[in-house]
Amino acid sequence: MTTIHNLGFPRIGAKRELKFALESYWKGESSRDELKALGARLRQRHWENQAGLDLVPVGDFSFYDQVLDTSFMLGNLPERVQGFHGDPLDNYFRVARGRSAKGTEDHGTCCGGVAAGEMTKWFDTNYHYIVPEFTAETRFTLDASHLLEQLAEARAQGVKAKPVIIGPVTYLAIGKAKDNANKLDLLAHLLPVYAELLETLSREGVEWVQIDEPVLVTELDADWQQAFNTAYQHLKNTGVKLLVATYFGQLQESASLAANLPVAGLHVDAINDREGVPSLINLLPNDKVLSLGVINGRNIWKTDLTAVLDWVEPIARSLGDRLWIAPSCSLLHVPVDLETEQKLDGEVKSWLAFALQKLDELRVLGKALRDGRDAVKAELESNLAALTARRNSPRVNNPAVKAAVARVTAEMGKRKSVYATRAAKQSALLKLPVYPTTTIGSFPQTAEIRHARSEFRAGRLNEAGYQVAMRAEIERSVREQEKLGLDVLVHGEAERNDMVEYFGEQLDGYAFSQFGWVQSYGSRCVKPPILFGDISRPGAMTVEWITYAQSLTQKPMKGMLTGPVTILNWSFVRDDQPRSASCLQLALAIREEVLDLEKAGVHVIQIDEAALREGLPLRKAQWQSYLDWAIESFRITANGVSDETQIHTHMCYSEFNDIISSIADMDADVITIETSRSDMELLDAFENFQYPNEIGPGVYDIHSPNIPTERHIVDLMKKAAERVPAERLWVNPDCGLKTRQWAEVIPALSNMVAAAKTLRAEA
Ligand code: GLN
Ligand code: ZN
């Protein structure tokens, strides 16, 4: 009989209860006991939600991050927080976010704020974990108390518990060696602690433990492959059965390694690696469990249950009890419950499944495999009906869009002239000084802006009133910029709640949820819009705002758009066509906006591609094919303009070493990037490549409330000028200013403008 199980459940709560409880605790408005009690209630509810599964994850709950939980369980605390006197939960928050709750810093200097742990993306998801810190001296000691507590809770509730932990090799691989120590040297110290943990769980009567090793789907060199063998040889006689779980990608050359680890079972992502499954089955020793992730844990579409059964039934016949099925990965990456959605368009809603609905799908599949399809006839029929409706819906398929895509030519992605020719024409038109100054788009989202928006959404402020309020904000930013003496102005993005949602709301083919929250890090959640159909642009989206802003000033006003790759990467994207096809549709829609802006007399247009880099596949071997279509989409968006129109793009990072030639292929006239913290060293990539167009390296760290001095900015720009010729440099902040306050922005930009003047005088 096929076992059904789950790898992990969203912990934030269907109504983001955990977020609000955390924030209230941090503000000192509720007690630690209240927070802990809420955690216990959420776990209890989530286990109830998973009733009927043969094995239910325990240990997937976290007050902040499961990787940080692992660091605490292994006794791997950064030195700066060792010797803390208070409650361990407060120390945990100190590593997570630099400080715990107000009022918990009773020990003055020893227990107050510290540098927060570095945060980075969990593989190719938008979930951020706290990076484990290692040195050559790092040693580990077990503290399994939290896991054991949760296990006891689960058992008291009658849950068929399967503890979930992060595997030792992945734990080392995703951490950072502070002193350039070889992380693999730590394996020998780590394994005894893992063995102790597993033995402890065995003594508790645990049968199965899920041990997550997603690093198996990345390219591993020989040392890391060997680490897998060493690790699992060491852990093979601890008394528990291990299910090594991989997800997010394909095993490829590691398939044999994974299949032959001395463990009781292997979970693979059969959404991403379906083609790899038949050969994996051949490699798998015949006493081993194979768990197939057949429901997409990363997306929000209903599963085609009949198609899954067509594929899985023969496997079930040959593997018998050795086959398990599950979602492809933890459901952490999808929202909790579709049923809470009240406003979502009914038709679109009928095509979707959030975490709870995915578990229902799993139960149906399990029943079909056990008792035959007839036992779930009604469920299969309604599933099929929904999928058929989706496939045939005119909302999904727009022949005009398909026709427009078919007409796309490579010519559309090419500027009319080379950069040098364009630059001369642009300079004649714009008459900018050397070291021109500009900003990245947004100005502070003030309380008044947020208030007007929420009143408008609640229907208490009408369209006209909202327009008046936003125009007032735009006017304010234009006036401030004029006073500051900036060269290329922006309208400030007051009307945008979010740089993707704003465009999604105006494009056909997009839907929005009310509660479709997904944890991004700690208490922070995002609500990705749902790209369900062919994308088209019913009308201009930004032209009125920008032309209004331009009407207020003689200075050039920069039109501000979000690029197709970023819109795509920050949405839940339809699964019935390749991502590249959706991206091209977005590109055509944004291209129309670019051309409308140009027609309206806007001569500088910025197209943000903040999320271009994060779309890179996990395996480097697949990077180029992603970059090919991503860059082409950008080019289609941007490059239909005349020579005189200056195209800017912006990216919120600057690790371009490995993709610099693709960045150059975008052929934007100006690229602005984040560099202030790196002391301009990140410009080396541009220097080495001899990047041909203009660059605005950020000189103002907008993540910090600190005001950069004129001297500091001048020094940074001089370093930049050592790497890029001064006539191709711009002076600007790292990113948009939306999260800052005017009181910080004005002195900072004033120093920035003064620095540009100093540089010009010295040039
Ligand atoms: N134009 C956007 C802004 O200034 C860019 C934001 C971003 O790069 N994340 O807010
Ligand atoms: Zn940015």
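First listed ligand is number 1; within each ligand, the first listed atom is number 1. Quick caveat: nothing in here was measured; it's all calculated off a predicted structure.
- Short contacts between ligand 1 and A610, defined as distances under 4.0 Å to a heavy atom of the residue, involve ligand atoms 8 (O), 9 (N).
- Close approach of ligand 1 to C652 (heavy-atom distance below 4.0 Å) involves ligand atoms 7 (C), 8 (O), 9 (N).
- Classification of the F248-H333 ring pair by plane angle, with boundaries at 30° and 60°, yields perpendicular.
- For the residue pair Q66 and Y127, a side-chain donor N or O sits within less than 3.5 Å of a side-chain acceptor on the partner.
- Near C735, meaning under 4.0 Å from one of its heavy atoms, ligand 1 places the atoms 6 (C), 7 (C), 8 (O), 9 (N).
- With ligand atoms numbered from 1 in the order given, ligand 1 contributes 8 (O) to contacts under 4.0 Å with heavy atoms of H650.
- Checking I631, I659, D628, I660 one by one against D665, the side chain to side chain contact (heavy atoms under 4.5 Å, CB included) holds for a single residue, I631.
- Within the 4.0 Å heavy-atom criterion, both parts of S442, backbone and side chain, lie near ligand 1.
- Shown in contact with D608 at under 4.0 Å from a heavy atom are these atoms of ligand 1, numbered in order with element: 1 (N), 2 (C), 5 (C).
- Of the N and O atoms on the side chains of T438 and N732, not one donor lies less than 3.5 Å from an acceptor on the other residue.
- Angle SG(C735) to the Zn ion (ligand 2) to SG(C652), rounded to 10°: 120°.
- Using a 4.0 Å cut-off between heavy atoms, M651 makes no contact with ligand 1 at all.
- Note on ring orientation: taking the six-membered ring where Trp is involved, the planes of F512 and Y510 are parallel (angle under 30°, cut-offs 30° and 60°).
- Shown here is K176, whose NZ atom has no more than 12 heavy atoms of other residues, nucleotides or ligands within 6.0 Å.
- At under 3.5 Å, not a single nitrogen or oxygen of K738, backbone or side chain, sits near a nitrogen or oxygen of ligand 1.
- Within ligand 1, the atoms closer than 4.0 Å to a non-hydrogen atom of G736 are 3 (C), 4 (O), 10 (O), numbered from 1 in the order shown.
- Residues M560 and R496 have side chains in contact (heavy-atom distance under 4.5 Å, counting atoms from C-beta outward).
- Using a 4.0 Å cut-off to heavy atoms of M499, the atoms of ligand 1 that qualify are 6 (C), 7 (C), 9 (N).
- Set against the non-hydrogen atoms of M560, the atoms of ligand 1 under 4.0 Å away are 1 (N).
- Under the 3.5 Å distance criterion, with hydrogens and angles disregarded, a donor-acceptor pair is assigned to the side chains of D608 and Q606.
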